[in-house]
Number of protein chains: 2
Amino acid sequence: MTSNEATPPGARTEAPITGAAGAARASRPRITSRDVARLAGVSQAAVSLVLGDKWHGRVSPGKAEAVRDAARELGYRPNLAARSLRMGRTRTALLVVPALTTEFFARVYTGAARVAADHGFGVVLYPSPEGIGPARDPFDSAAATLDGVIASSMAADALAPLRDAGLPLVMLDSAPDDHRATATVNLDIADGIRQLTTHLVALGHRRVTHLAADVRSWTFEVRARAVTDALHDVPGAHLRRLPTALHIDAGLRAAHAALTGPGPRPTALLCDDDIIAAGACKAVRRLGLRIPEDVSVTGFDDLALAVAVEPELTTVRLPAEEFGEAGMRALMAVLDGHPAPAPALPVELVTRGSTAPPADAPGNAARPGGR
Amino acid sequence: MTSNEATPPGARTEAPITGAAGAARASRPRITSRDVARLAGVSQAAVSLVLGDKWHGRVSPGKAEAVRDAARELGYRPNLAARSLRMGRTRTALLVVPALTTEFFARVYTGAARVAADHGFGVVLYPSPEGIGPARDPFDSAAATLDGVIASSMAADALAPLRDAGLPLVMLDSAPDDHRATATVNLDIADGIRQLTTHLVALGHRRVTHLAADVRSWTFEVRARAVTDALHDVPGAHLRRLPTALHIDAGLRAAHAALTGPGPRPTALLCDDDIIAAGACKAVRRLGLRIPEDVSVTGFDDLALAVAVEPELTTVRLPAEEFGEAGMRALMAVLDGHPAPAPALPVELVTRGSTAPPADAPGNAARPGGR
DNA sequence: GACCGGACGTGTTACGTATAACTTCCGGCG
DNA sequence: CGCCGGAAGTTATACGTAACACGTCCGGTC
């Protein structure tokens with residue numbers, strides 16, 4: 001009778017010492033829900049019910065307590081692979097970012113992860129390929145089946161397989177009618193640009209060069225359009241636009257071109273991004289010009305970089321964490337079947353030392369032959 | 001006989017049209033290996049063998065080809081949850097980084113992911129809590145069972161549950177005798193500091209203040225020790241050390257304190273990190289001093305930031321990607337049962353505009369009353 | 001002709017979980 | 001008394017895959 005393999009209730013032969021945080025558990029004797037059941041003297045099903053918090057009216061409070069104790073004592077952790085297989089869902093979302101280098105998306109992740117945790121979800125990151133093999137598949141990058149995807153529109157290229165699989169896809173800062181997305185969450189980029197432009201115009205700037213990121217992405221197209229629109233009605237305003245990559249030295253080269261090109265020299269460089277602005281600042285200084293006396297420079301994003309350079313950058317602060325939160329909330333809503341209407345998140349102008357009235361303000365006299 | 005549910009070979013009734021990249025697959029009719037088997041006219045086991053590349057001498061080349069064709073046509077993707085459950089392994093490694101903001105770890109990830117891919121592994125990121133709930137568990141952050149972990153020693157706090165589970169743990173830049181780690185991979189930080197110090201001493205600097213990151217971590221302890229050792233034998237050398245957090249304004253405050261404190265003013269600020277150095281530069285300039293004429297400043301890491309500030313930072317370039325590669329290789333070796341000996345990776349001094357001979361060199365006359 | 005072994009496959013099982021379906025007990029009610 | 005219905009459990013099953021163990025055929029060998 002004692003040799004029976006089904007351990008009778010009350011028998012707690014198995015666990016030798018353990019003591020809550022037994023440090024000496026070397027290799028892994030995987031603990032399953034059945035082990036917990038044996039120790040608690042119930043069936044495996046009961047364990048699943050109790051730990052899944054679905055036991056009300058199905059298991060007596062006493063046994064439920066016993067199950068929880070047993071689980072704790074054994075250090076039980078449900079096997080997520082088995083759970084996923086059974087449930088057909090993984091409670092995991094994928095966040096696709098254009099590149100990991102960006103502080104901005106780090107903050108987006110933080111917000112998204114917080115909301116996900118509230119829903120019992122995990123978040124897995126997928127940095128768009130850039131050095132990794134070109135055809136790397138977001139699917140297995142996580143080595144997990146996924147329930148949904150949140151992706152920066154900048155990284156939209158890698159998303160085809162995910163979309164084809166019919167996964168819900170929330171796009172960050174994407175065109176509202178983007179056919180690729182199940183839902184869309186936006187920042188009020190246009191308003192940020194508007195604030196920035198208004199600020200420059202109020203200081204007296206008329207000759208503005210827009211150093212525009214040469215990335216085909218909604219978020220940058222909006223910037224371009226908003227700059228154009230905002231300067232359209234300003235009398236005497238003259239806008240030029242130069243494309244540039246999202247790197248410091250690319251910004252430097254573009255700014256150099258802007259300042260040494262034909263026609264009157266611009267008094268303000270409006271940059272799509274703090275990184276570009278940092279490069280632009282270097283270019284200005286290398287030409288022997290001063291910021292902001294000779295040239296004003298503005299950034300976008302308000303990264304740590306914005307206060308690292310001298311002078312500190314006037315820029316637009318994006319609520320990155322709230323953005324991540326909104327994205328994850330939208331995904332959760334989609335998964336719950338609610339379609340999600342989402343207003344654009346407000347952004348904030350931060351004025352610092354890199355902008356000031358231009359030397360020739362406010363008369364705006366055309367200074368010919370700026371070289 | 002024809003009504004037998006086991007589809008006779010040759011029958012391909014199921015798939016209607018599909019045509020390789022059928023775009024209209026709205027919601028998900030999960031395609032399993034059994035579907036592939038049916039279409040190819042073989043058993044599910046054969047599909048598993050062929051797709052797992054274990055079919056040589058077990059399945060005829062013709063049928064193998066048929067299986068592959070069927071899989072392609074249906075767009076079959078193995079269910080990773082099921083595979084993990086069956087195999088007890090997930091082919092997934094977790095990379096724990098101290099914070100996502102750091103460009104350095106973004107590059108580490110890139111290298112690690114590349115090596116992992118070569119071994120058929122995926123990499124999942126876990127940014128140490130910092131805004132996320134304090135007790136967030138790396139285990140479920142991945143929503144996947146893991147085969148191994150690579151972690152920055154800076155983030156070692158969150159690793160207890162992983163270690164207790166008996167997972168192989170590779171520590172990055174950790175003490176070689178760190179009992180928490182299964183293996184350790186290091187950068188030759190000490191040598192980097194040595195090169196930096198030698199450079200400063202050669203320029204004539206004797207009064208050096210070390211702005212040391214106040215993070216309890218091997219990698220920073222090594223820096224401190226190396227600085228002390230390197231200056232120990234230099235006649236007339238005078239070293240001070242000030243702790244600072246890893247933020248720009250913390251660096252600024254520390255540098256301010258260093259430059260305005262009692263005793264002769266240091267001619268060089270040796271910073272543990274480019275970020276700190278960026279802050280230090282701001283402090284120097286705010287005091288009306290010039291870089292590098294009055295004060296030399298050095299960084300560490302060679303981030304993008306290092307060339308964004310003016311003047312560009314003399315710093316030490318860390319081979320971040322190779323570091324990630326080495327870490328992942330070590331993990332793979334552990335998983336294969338080979339113990340891994342690992343030499344420290346070499347680093348490289350990068351001299352730029354932020355260092356120069358001090359004004360009072362080389363006589364090194366003590367200038368009293370540095371305030 | 002009996003036996004062997006390799007090529008080519010298939011049937012079956014187990015991984016650990018969640019849950020539908022079933023059993024048993026028991027108090028209450030018509 | 002017969003029967004209903006809820007509480008308290010248990011049993012059984014399926015999720016999709018990998019791989020073990022088992023067949024069958026067939027050419028070759030003694």
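Each chain gets a letter, A, B and so on, in the order the sequences are listed, and its residues count up from 1.
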Partners passing side-chain contact (heavy atoms from CB on, under 4.5 Å) against [X] (at least two apart in sequence or in another chain):
X: B:Ser43; result: B:Ala45, B:Ala46
X: B:Ala112; result: B:Met328
X: A:Ala81; result: A:Asn79, B:Ser84, B:Leu85, B:Thr145
X: B:Asp336; result: B:His338

In whole angstrom, give the distance that lies between atom [atom1] of [X] and atom [atom2] of [N].
X: A:Met87; N: D:dC15; atom1: CE; atom2: C1'; result: 12 Å
X: A:Leu80; N: C:dT17; atom1: CG; atom2: P; result: 9 Å
X: B:Arg83; N: D:dT17; atom1: CZ; atom2: P; result: 8 Å
X: A:Glu65; N: D:dA8; atom1: CD; atom2: P; result: 15 Å
X: A:Leu85; N: C:dT17; atom1: CG; atom2: C1'; result: 8 Å
X: A:Arg34; N: C:dT19; atom1: CZ; atom2: P; result: 16 Å
X: B:His56; N: C:dG6; atom1: NE2; atom2: P; result: 18 Å
X: B:Ile31; N: D:dT17; atom1: CD1; atom2: C1'; result: 16 Å

| What nucleotide, of C:dT17, D:dG9, C:dG9, holds the atom closest to the side chain of A:Val59? |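 So the side chain of A:Val59 is nearest to D:dG9.
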| note | From the candidates C:dT17, C:dG9, D:dG16, the one with an atom nearest any side-chain atom of B:Ser60 is C:dG9
Holding to side-chain hydrogen bond (donor to acceptor under 3.5 Å, both in side chains), I want the full list of residues that pass it with [X], two or more places apart in sequence or in another chain.
X: A:Asp35; result: A:Arg38
X: B:Arg58; result: none
X: A:Asp118; result: none
X: A:Glu322; result: none

Give me the distances for all protein-to-nucleotides 24-27 of chain D N/O pairs that come in under 3.5 Å?
none

| Heavy atom of residues 42-54 of chain A under 4.0 Å from DNA chain C: which residues? |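 Only A:Gln44, A:Ala45, A:Ser48, A:Lys54 qualify.
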| Of all residues at least two apart in sequence or in a different chain, which pass the salt bridge (Lys or Arg N to Asp or Glu O under 4.0 Å) check with B:Arg68? | B:Glu65
| said: Taking A:Thr90's backbone N and O only, do any of them form a donor-acceptor pair with A:Asp147's side chain (distance below 3.5 Å, no angle check)? | reply: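 Present.
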| message | Using heavy-atom distances to pick each residue's nearest nucleotide on DNA chain C, tell me which of B:Pro61 and A:Ser33 is more 5'. | response |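 The residue mapped nearer the 5' terminus is B:Pro61.
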| said: For B:Val185 versus B:Ala330, what's the shortest heavy-atom pair and its separation? | reply: CG2-CB, 3.8 Å
| task | Could you encode protein contacts along nucleotides 22-27 of chain C as a string, one character per nucleotide from 5' to 3', using B for base contact, S for sugar-phosphate-only contact and - for no contact, with a heavy-atom cut-off of under 4.0 Å? | result | ------
